[in-house]
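To start, the structure itself, in structure tokens.
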Amino acid sequence: MSVVRASRGGGGRGIALAALLLVAACSLPESERSAECIAPAAAGGGWDLTCRLTGRVLTRLSLVEGGMPTSNMPGAGGGVAYAHAVGQREGDTGVIFAASAATTLRLAQGQFGPLRAEDVRWVGAVGAEYGVVAVAADAPWQTLEELLTDWAARPDRIVVSGGSAVVGQDHMKVLLLGREAGIDPRTVRYVPFDGGGEALTSLLGGFVQVFSGDASEVVSHLETGSIRVLGVLSPERLEGLFAEVPTATESGYPVEWVTWRGFFAPPGIGAEAYEAWVARLSALAESEEWAAARDQARLRPYVMVGADFEAFVDRQVEEFRGMAREIGLIR
Amino acid sequence: MRGGRHLAGLAILALAAAVALEARTFVVSFPTDPLGPGAFPLVAAALLALGGGAVLLEGSAAPDPLPPGALRRIVLATGSFVAYALLLAPLGFVTATTLEFAALAILFEGRILPSLGAGLGFALALFFLFVYGLGLPLPLGFLAG
Amino acid sequence: MEALRLLGEGFGVALQPLNLALAFAGVFTGTVVGMLPGIGPINAIAMLIPLIFAVGLPPETALILLAGIYYGSQYGNSISTILLNVPGTAAAVVTALDGYALTRQGRGGEALAMSAVASFVGGTLSIVGLVFLAPVLAGWAIRFGPAEYFALMIFAFSALSSVAGNSVPKALAATGFGLLLATVGMDPNSAVPRYTFGQLKLFDGMDFVVVTIGLFAVSEVFLVLQASRWGQDASLAYGRVTLALADLRANVGTMLRGSVSGFLVGVLPGAGGTIASFVAYGLEEKVAGDDARFGEGELRGVAAPEAANNAATTGAMIPLLTLGIPGSGTTAVLLGALLGLGLTPGPLLIERNPEVFWGMAASMYVGNAFLLLLNLPLVGLFVRVLRLPRWVLMPGVAALSFVAVYAVNQSAFDLVLMTAFGILGFVMRRSGFPLAPVILGLVLGPLMEKNLRRALALSAGDWSVMFSSGLAVSLWVLAAVSLLGPWIWRRRRLPDGGVGEVD
């Protein structure tokens, strides 16, 4: 019994102390309505880093008052956060959501249920990555053309690995290339792995013949010469290590894959609040701080904001939807 | 509870059947592997059926009856958990956690005031640790207003 | 030797005051973060990365800090696991089996001390492996294909016989249930949603933390609540808080085996600490024979998985640093940090940035020593938590479970799901169904399925691919011996067959 009695006195003191702390907590500036960035995935992914870096630079540049903390809302490849934006954050001017080409791809494929791209306000993109296609260093193919010609002749002999799920980005890249080379998408053998790292390992281990991924994923192995990058899916050649690698378009297969990283805001926030976010992202994109942070995240310069970006997203979704129809994914 | 001996086995068999039936409905619009999405759930269903069948045959001994008052306490605790889940966002983390802690503490025969005090202390400690220490936002609820 | 000279230089880096201080800060933060179930090192590291970018720490210093958080959290996690039965990671589920059983017998202090020592042994021994074997093992990891992974998973399943409890049918059903939970969500191989009932929240699958905390911690609250009168009984009292020398000596072999197996499994991308601790536990149970009482409070049941999961943490650094391939969520975040710091993890890292690799290896020795020094004296403090009156302790466990489950995903749905699993765990425990096979199925299920389907996709449906390499065949043999060996062995020793006594 002595325990209970002792803690009873402790309880009284505890309440007093706790009440004091509560008052202190409420008077903290953070509890005022500051901005928030929601990463539609768990901590540690690309969306998460996009949010955290942007939040940090926006705060540093005093573009948001009281900082912009990151929340994680994983689920359904971003679908949970998307539904949250549409259903529960309508008119909330203090929140943006990280997005990328993966978001528009899933929207186009109907993976967010009934939700559509028009349901949110697309604010802008602030960086990008480009797709690459690579083979092992001892592979017989020296150019993209050799690979695709061989592939078209005997599609059953070539297996591709990638870090995204079936009909995800890495799969789409090879399907698009295959379409240009006249390969029936249904004969393309694609095996999904958990992330680009594991997919690349399977190429190095000789389990697959082709790797489909992003430029930053192959840097270290390109450098040591353990793989050969046959093409980059960018509008122009990339600099540095990739300077020697032709674009797919140069090789005669006009395919581009831009893994842009950007943001959308909830619907119903009004023109003024929308323009405010656009202005913030524009200022961010022009700053030296962002250039440094973007380089650290291994993203390439890519800026598109406001109405341009909204139109771009519409176009991209339409294009992805056409592709999904073509391969029989949706009707 | 004469049926109690067989309840567990029957429930598991029913689950196995439901799993297997649902697995047959998976339609692949874009096949990429020979096994498909249904194969593994069928393995799970087979294990469930095997285990459930054996449990049914050997007749699992019915668990000891719950002591008096236990069911009421467990139902109350479950209710408080669900209420907590629903009230967390509107009330805010600190308020909701204090109330939930106190409710449970009282179920464990704690006294009301010390329970509330301990709850508030614990809630605040967690709040500061998570929000300021780990940068994981927790809802402020009406305190934010 | 060249490696020793370089390691000496590494110690030069590690012992600089700033690096020493940050190693300490890292393992301390890691321990605290690890104690919170479900939070894990990822969040702490993800939050620190933009800060580190901004402050401009030298890469080796930043890596020392982040790696400290990573392996420190493994240790912290065992504290809440052993004392409160709240395992925050899959690796810790194994520790919970015997660790919490020991706590209930009033030996929580011993279990904690054992875990501290085993973590230290696993941590330091594996660094030797990191230093001398990194390039060799990196090559080994690359040759590990889907078929080999699948065979490894079957081998890991041999731990099942150790965690099955006393009814084979019930253990089978529990495993099936775990595998079923593992299939919930969007199937990455076909983009088909399975058992999601149209709930977007379930598309990513059953969150491991929600299931584990529900089954273990919440059901514990219900179980204690069920008893009609508690008084101030001594069921959670604790005995001594140090380890008897004899116990330590008896566990030397266990820790060594756990370290080696944990390290080797840790090197494999994707396998990591979870499988390491299951494998080590299963292995140890086989080695120990019949006199050990695994699952009922066996110190070896704590020493083996704890040595293994810390060794696996170090092992996971090998594919990360030498191949640039992250083997787990946490190492993926570390990879992002390395890239941001201007380093390119990969075959050239050790050559080009020796101070980073060797400095980090040396700092891991220092950090593990810190952990031991920090935690052994604190064991006495930690077990005092058990002295709290039950009306504080049990609501505390509940509140900790709630915040852990909620903070990560900000989802009330997860809280309700956790409560449902709590009730299920309560019913299962009352009816004599073991919980650990559920977790084993949930954790190993996705890896098994993915790798089996990958292997068959690569071979276009030819099952012989499962036995196409020497590595795969030896793993199959190992799995067969491990699964069937004890059974045959026991039958031989019981002349009358002992039907139905296979446990």
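Everything numeric here is computed off the predicted structure, so don't read it as measured data. Letters go in sequence order (proteins before strands), and every chain restarts at 1.
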Please classify the contact between [X] and chain B as side chain, backbone, both or neither, with a heavy-atom cut-off of under 4.5 Å.
X        : result
C/Asp187 : side chain
C/Val218 : side chain
C/Ala182 : neither

Min side-chain heavy-atom separation [X]-[Y] under 4.5 Å:
X        : Y        : result
B/Arg111 : C/Trp391 : no
B/Pro34  : C/Arg453 : no
B/Leu129 : C/Leu36  : yes
C/Leu400 : B/Leu126 : yes
C/Glu449 : B/Leu35  : no
B/Phe101 : C/Val392 : yes
B/Phe122 : C/Pro395 : no

Taking the six-membered ring for Trp, are B/Phe81 and C/Phe222 ring centroids under 6.0 Å apart?
->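 Ring centres of C/Phe222 and B/Phe81 closer than 6.0 Å.
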Among the options C/Val416, C/Asn189, C/Val184, pick out the one with the most heavy-atom pairs lying under 4.5 Å from chain B.
->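 Of the options given, most contacts go to C/Asn189.
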Side chain, backbone, both or neither: which part of B/Thr97 has a heavy atom under 4.5 Å from chain C?
->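 Just the side chain, heavy atoms under 4.5 Å.
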With distance as the sole test, does C/Tyr195 use its side chain to make a donor-acceptor pair with the main-chain N or O of B/Val19 at under 3.5 Å?
->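 Yes, C/Tyr195 side chain to B/Val19 backbone: donor-acceptor pair under 3.5 Å.
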Are the side chain of C/Arg194 and the backbone N or O of B/Ala23 linked by a donor-acceptor pair below 3.5 Å?
->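 Pair absent, no side-chain N/O of C/Arg194 close to backbone of B/Ala23.
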Mind checking the [atom1]-[atom2] spacing from [X] to [Y]? Nearest 0.5 Å is all I need.
X        : Y        : atom1 : atom2 : answer
C/Gln226 : B/Ile74  : CD    : CD1   : 5.5 Å
B/Leu42  : C/Leu179 : CG    : CG    : 12.0 Å
B/Ile12  : C/Lys170 : CD1   : NZ    : 8.5 Å

Contacts with chain B made by residues 420-428 of chain C (heavy-atom distance under 4.5 Å), listed by residue number |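 Only C/Ile423, C/Phe426 of residues 420-428 of chain C have a heavy atom under 4.5 Å from chain B.
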